[in-house]
S.K.: 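To start, I am sharing the structure in question, which I have written as structure tokens.
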Amino acid sequence: MAYEGMTDRNRIEAEMPWEARDLPVTLYGLISRTTEKFPQNNAVSYQIFSGPKDKAETFNWTQLKDKTTQAANLFRSLDIGPKDVVAYILPNCNEAVLSLLGGGVAGIANPINPLLDEEQIGAILRETGAKVVVTLRAFPKTDVAEKTAAAVALAPNVKTVLEVDLLRYVTPPKSWIIPLIRPKMTQASGVEYKNFNTELNKQNTTLDFEDVQEDRVAFYFHTGGTTGMPKVAQHLYSGTIYNGWVGAEILLDENDVMLCPLPLFHVMACQVMLLGALASGAHVVFPTPQGYRGEGVLDNIWKLTERWKVTFIVSVPTALAAMMQRAVDADISTVKTAFSGSAPLPVELFKRFEETTGVTIVEGYGMTEATCLVSGNPVDGEKKIGSIGIPFPYTDIKIIKGTDNGPIDAEVDEVGEICVSNPGVYVGHTYTEAEKNKDLYYNEKYLRTGDLGRVDEDGYLWITGRAKDLIIRGGHNIDPAEIEEALLGHPAVSFAGAIGQPDAHAGELPCAFVELIDGATVTPEELIAHCKTHVKERAAQPKHIKIMDELPKTAVGKIFKPDLRKDAITRVYNEALETNGLETRVVSVIDDKKRGLVARIEANGVSDTAIQTILGGFIGKWEHAETAN
């Protein structure tokens, strides 16, 4: 049945309460039900290289269920009970899928971004109390094994490390060479190391323990992208199954194929795409260990689409921009649409992608703290460019605004904080640390997202800003506090404020503003060099630093970041206009209640088309100064 808008959304919700739906209680129940329906259908595929004819490994649903069972039995044999944690620190591979699913059946699975540094990984392992870690065996061109060993040394609860050897995916002659150049590494002391697949293959394909039919925490996902000290969100079976159900109800069936070059430590890949497949019987394909960052993935994206007869391409704005620059050199007639999430999509990119490829884009919104899914543009209905769509069935969104008498519901098109209630929100227990759950809910039901937005008269949600000030670079969250702390460690710096400056490729890039101590002298170049040493993650290192006589501050002395954003928008837009030979200039940036920050342009005779060609690649809006309200 078509899913065209609020009418269809409301119809689905009105059929019955969420609790009355005939759905499995547990993850194992879900995979068992889908296997019974489609035992021989393809479930998951993985290829280590990006070529359209390169070796791939596919599990059908029977095989995936059997291997998930073996993984769960393996973890239970290593003393993983329902409240114990299996962490995996892996690039994309089928073993990551099995660690996620098997870990969630036996205990609590904890995916960890392998791009984090050892101190951050160690901190997550300590916070979750992980007993078992699944990671790579030392392998050329990656330091994951070495980094994990250093992190495990910081986490005394870890007793066992299970190693995954990617060599099994490689064909000759590379498979002959890799053992000769495999890096040597020192294992963490006091920890038992075993081969994941050797131990897996010893296990039964029927569950050795009871799959207790009750809701419980089954996953720990850390927030914070690739930077900052991440918080750990906890996900229930019920929230996970809700995310899978949404995909199966409004989008996917057993005939669909998703191409998902997103990492298997991210909720979009795990809780939306993989769980969507688990709920519907669809087939999900993961190309290369690094996904979109993998060698040749973008160059081969259309040929991979043809190879796997893909119906849905899973993407983020930076990848869509890169895909658009590759000629469609294959038969992609099977594609129904492309998904875009994790960061706002510039209007111009949306239009150009559809014009260039003939593939429509559906934008959505989700967050780790809500298990994931919140809203999306209806696949069969109106897609409002720049909007993140309508709430999914059983998701209730409120926009709240502060008043002297406390927070109240905003009116239509009024901007406030986006608050979410749905089966994916674990009220009172969103984070593992109880302290972080304080003041996190509105009316003790709605998760406060920290995002600012509005709901229009048609029920579509629009994000206008971020109350929590995260910098989103190509879909990865960067905590500005890490940059600010590094700058404040410089002896010449008195105050520092970090924000995201507009970028046509990544959406935002980190930049910073500083106020110096009286009498101190330092150059922006010296401060950038300082950050390269003291900001651990390269993605978070600021690309521009401006020294100001005094940073804008509020009445209580807090740095007023909206003024810093206006400064950055003016500088970046004017640089882009000047570089392209246009006489147009940004003369001011206003804070529009509906649209967020809007650049006011003095056209100086330049056409709107020419201006939009340059500025349309940025997420922000612009208007003529002379016609602005």
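Only this structure's heavy atoms are used, side chains among them; waters, hydrogens and symmetry mates stay out.
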S.K.: CD of E382: more than 12 outside heavy atoms within 6.0 angstrom?
M.R.: yes
S.K.: Roughly how far, to the nearest 0.5 Å, is the CG atom of D8 from the CD1 atom of I390?
M.R.: 8.0 Å
S.K.: If you look at every heavy atom in V359 and A338, which pair is closest and at what distance?
M.R.: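 For V359 versus A338, the nearest heavy atoms are CG1-N, 3.8 Å.
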S.K.: Report the residue from E127, Q234, K231 that forms a side chain to side chain donor-acceptor pair (under 3.5 Å) with T432.
M.R.: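 In the set E127, Q234, K231, the residue that makes a side chain to side chain donor-acceptor pair (under 3.5 Å) with T432 is E127.
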S.K.: Just one of T311, L252, V310 clears the side-chain contact (heavy atoms from CB on, under 4.5 Å) bar with M258, so which one?
M.R.: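 Considering T311, L252, V310, a side-chain contact (heavy atoms from CB on, under 4.5 Å) with M258 is found only for L252.
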S.K.: Relative to the ring of F265, is the ring of H222 parallel (under 30°), tilted (30 to 60°) or perpendicular (over 60°)?
M.R.: parallel
S.K.: Check the angle between the aromatic planes of H624 and W622 and answer parallel, tilted or perpendicular using the 30° and 60° thresholds.
M.R.: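 Judged by the thresholds at 30° and 60°, the geometry between H624 and W622 is perpendicular.
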S.K.: Say whether, by atom type as modelled, one donor and one acceptor occur between the side chain of K438 and the main chain of A434 under 3.5 angstrom.
M.R.: no
S.K.: Is there a donor-acceptor contact under 3.5 Å from the side chain of N92 to the main chain of L262?
M.R.: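 Answer holds: yes.
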S.K.: Determine whether a donor-acceptor pair (N or O, by modelled atom type, separation under 3.5 Å) exists between the side chain of T584 and the backbone of A603.
M.R.: yes
S.K.: Has the side chain of S375 got a donor or acceptor atom that lies under 3.5 Å from a matching backbone atom of I388?
M.R.: yes
S.K.: Roughly how far apart are D413 CG and D456 CG, rounded to 0.5 Å?
M.R.: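 That separation rounds to 6.0 Å.
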S.K.: For Y394 together with Y242, are the ring centres under 6.0 Å from each other?
M.R.: no
S.K.: Any sub-3.5 Å donor-acceptor pair from T449's side-chain atoms to I418's backbone N or O?
M.R.: yes
S.K.: Would you give the length of the straight line joining atom CG of L236 to atom OG1 of T371, rounded to the nearest 0.5 angstrom?
M.R.: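 OG1 of T371 is found 7.0 Å from CG of L236.
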S.K.: Evaluate side chain to side chain donor-acceptor pair (under 3.5 Å) for H544 paired with Q501, printing each intermediate quantity in order.
M.R.: CA-CA 9 Å; H544 179 89; Q501 71 178 36; 5.2 Å; no
S.K.: For a quick check under 3.5 Å, do Y431 and T223 share a side-chain donor-acceptor pair by atom type?
M.R.: no
S.K.: With a 3.5 Å cut-off and no angle check, do the side chains of E354 and T360 form a donor-acceptor pair?
M.R.: no
S.K.: When rounded to the nearest 0.5 angstrom, what is the spacing between CZ in R9 and CZ in F392?
M.R.: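 It is 10.5 Å, given to the nearest 0.5 Å.
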S.K.: Do side-chain atoms of N243 reach the backbone of T240 as a donor and acceptor pair under 3.5 angstrom?
M.R.: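 A pair under 3.5 Å: no.
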S.K.: Do L264 and P111 come close enough that some side-chain heavy atom pair is under 4.5 Å?
M.R.: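 No, their side chains stay 4.5 Å or more apart.
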S.K.: Taking the six-membered ring of F495 (Phe, Tyr or Trp), confirm whether the NZ or CZ of K553 is under 6.0 Å from its centre and within 45° of its axis.
M.R.: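 Yes, K553 and F495 form such a contact.
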S.K.: Please check if the number of heavy atoms outside E457 that lie under 6.0 Å from its CD is greater than 12.
M.R.: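 No - once you tally the heavy atoms of other residues, nucleotides and ligands closer than 6.0 Å, there are 12 at most.
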S.K.: Would the distance check show the side chain of R565 and the main-chain N or O of L597 forming a donor-acceptor pair, the cut-off being under 3.5 Å?
M.R.: no
S.K.: Determine yes or no for a side-chain-to-main-chain donor-acceptor pair under 3.5 angstrom, with E484 supplying the side chain and A498 the backbone.
M.R.: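 Present.
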S.K.: Report yes or no: does N422 contribute a side-chain atom to a donor-acceptor pair with the main-chain N or O of L373 at less than 3.5 Å?
M.R.: yes
S.K.: Within a reach of under 6.0 Å around CD of E4, are more than 12 heavy atoms found that belong to other residues, nucleotides or ligands?
M.R.: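 Yes.
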S.K.: Indicate yes or no for a side-chain donor-acceptor contact from Y237 to the backbone of A218 under 3.5 Å, with no hydrogens or angles considered.
M.R.: no
S.K.: If you measure only the distance, is there a donor-acceptor pair under 3.5 Å linking the side chains of S238 and D215?
M.R.: yes
S.K.: Among V412, D409, L461, V415, which one satisfies side-chain contact (heavy atoms from CB on, under 4.5 Å) with I399?
M.R.: L461
S.K.: Decide side-chain contact (heavy atoms from CB on, under 4.5 Å) for L615 and I601; before the verdict, give the C-alpha distance in whole Å, the side-chain angles of both, and the deciding distance to 0.1 Å.
M.R.: CA-CA 11 Å; L615 299 185; I601 300 289; 3.8 Å; yes
S.K.: Looking at Y460, I'd like to know if the NZ or CZ of K384 sits under 6.0 Å from its six-membered ring centre while staying within 45 degrees of the ring's axis.
M.R.: yes
